[in-house]
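Reminder, nothing fancy here: chain letters follow the sequence lines and each chain counts from 1. These numbers come from a predicted model, not from an experiment.
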Amino acid sequence: MRIATFNVNGIKARLPRLLEWLEETKPDIACLQELKSVTENVPVADLQDAGYHALVHGQKGFNGVAILSREPAELVMAGLPGEDGLEDGKDDHARYIEADVSGLRVASIYLPNGNPVPGAKFDYKLRWMDRLRERVAHLWDAEVPTVLTGDFNVAPEPRDVFSVRAMAGDALTQPESRAAWRSILSQGWLEALRAVHPHDEELYTFWDYQAGAWPRNAGIRIDHHLLSPTIADRLLDAQVDKEYRGREKASDHAPVWIEIAD
DNA sequence: ATGGTGGAGGGTCCA
């Protein structure tokens, strides 16, 4: 079974690339981020024609996440709990959706970028990571077979960025961001791509549109899969669909996938 | 310090 993540950076602008990628790589489950669309404008009919059910948590203009699946999925929650001061305790950003599908729990995650540092957005990122840690601790404690995947907007280690110096002031590499990332992993989750490629350099998933980042391979690794133990035991492979970043009208992220034994 | 690019949506905001 193949479980992929793809930050599409606008599902309407990206629809031809998305449908092409679904057809060519046939993921069983595809977690999408940055739909940049309200739920009712997501082209679910095109996705259904491609053979996918779609659970969508959209938002006007930015954010927005979805879970596409070959088999029907059952929504568990849309919106990350725990933000103070909001009526229902849910987030006012559409950055989290969780569902049961094909015998496992899957979450599609779009973690806040957090720039500039310091500032309110960085504070929000760190709060959000703390809330994510609390949510997934519950899944861990309940021993739910789980795949947490998406754009975490954290480059875990110095080798996960093309230039430590160029990224030094960025929210994606701050010690606080990395500490929050580690505090989630320390629950016991396996980070799949690095587990499969423990020694790879230049293992990137995002290349900025600006400054010729793609042609000079100035990438960073911020899209991840975290696996609970029974899923980790079934892990067969993990790869970046890097070639898609070089296509016409590409997203600035490449898709990333894992293969687990059926 | 600035600009470089791209998506959404009709302002700028976001990355």
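Residue-level contact check: A:Tyr110 touches the backbone only, with heavy atoms under 4.0 Å from sugar-phosphate atoms and none from bases. Residue A:Arg216 is classed as having no contact, given no heavy-atom separation below 4.0 Å to the nucleic acid.
Counting only heavy atoms from C-beta outward, the side chains of A:Ile220 and A:Met167 approach each other to under 4.5 Å. Counting heavy atoms from C-beta on, the side chains of A:Leu185 and A:Glu191 come closer than 4.5 Å.
Taking atom CD of A:Glu40 as the reference point, atom P of B:dA8 lies 15 Å away to the nearest angstrom. Rounded to whole Å, atom P of B:dA15 lies 11 Å from atom CG of A:Asp170. One atom, CZ of A:Phe206, and another, P of B:dG6, lie 12 Å apart when rounded to the nearest Å. The CZ atom of A:Phe152 sits 18 Å away from the C1' atom of B:dA15 (whole-angstrom rounding). We find that CZ of A:Arg245 is positioned 13 Å from P of B:dT5, with the value rounded to whole Å. Rounding to whole angstrom units, CD of residue A:Gln210 and C1' of B:dT5 are separated by 5 Å. A straight line from CG of A:Asp208 to P of B:dA15 spans 13 Å, rounded to a whole angstrom. Residue A:His253 contributes atom NE2, which lies 12 Å from atom C1' of B:dC14 at whole-angstrom precision.
Between B:dG10 and B:dC14, the two P atoms lie 14 Å apart (nearest whole Å). Using atom C1' as the reference point in both B:dG11 and B:dG7, the two lie 15 Å apart (nearest Å). For the C1' atoms, the distance linking B:dG9 with B:dG4 amounts to 22 Å, nearest Å.
For the pair A:Arg14 and B:dA8, the criterion of a side-chain N or O lying under 4.0 Å from OP1 or OP2 is not met.
Sorted by first and then second residue, the side-chain hydrogen bond (donor to acceptor under 3.5 Å, both in side chains) pairs involving residues 39-52 of chain A (not counting sequence neighbours) are A:Tyr52-A:Arg70. The stretch residues 132-144 of chain A participates, sequence neighbours left out, in these side-chain hydrogen bond (donor to acceptor under 3.5 Å, both in side chains) pairs: A:Glu98-A:Arg135, A:Asp130-A:Arg133. For residues 223-245 of chain A, the salt bridge (Lys or Arg N to Asp or Glu O under 4.0 Å) pairs, not counting sequence neighbours, are A:Glu243-A:Arg247.
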Pull out every protein N or O sitting under 3.5 Å from an N or O of nucleotides 9-11 of chain B, one pair per line with the distance.
unit_1, atom_1, unit_2, atom_2, d
B:dG10, OP1, A:Lys60, NZ, 3.1

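Contacts between residues 111-128 of chain A and DNA chain B, defined by a heavy-atom separation under 4.0 Å, are made by A:Asn113, A:Lys121.
Aromatic ring centres of A:His93 and A:Tyr124: separated by under 6.0 Å.
Using modelled atom types, one side-chain atom of A:Thr25 and one backbone atom of A:Trp21 make a donor-acceptor pair closer than 3.5 Å.
A:Arg165 pairs by the side-chain contact (heavy atoms from CB on, under 4.5 Å) definition with A:Ser163, not counting sequence neighbours.
A donor atom on one side chain and an acceptor atom on the other are found under 3.5 Å apart for A:Glu34 and A:Asn7.
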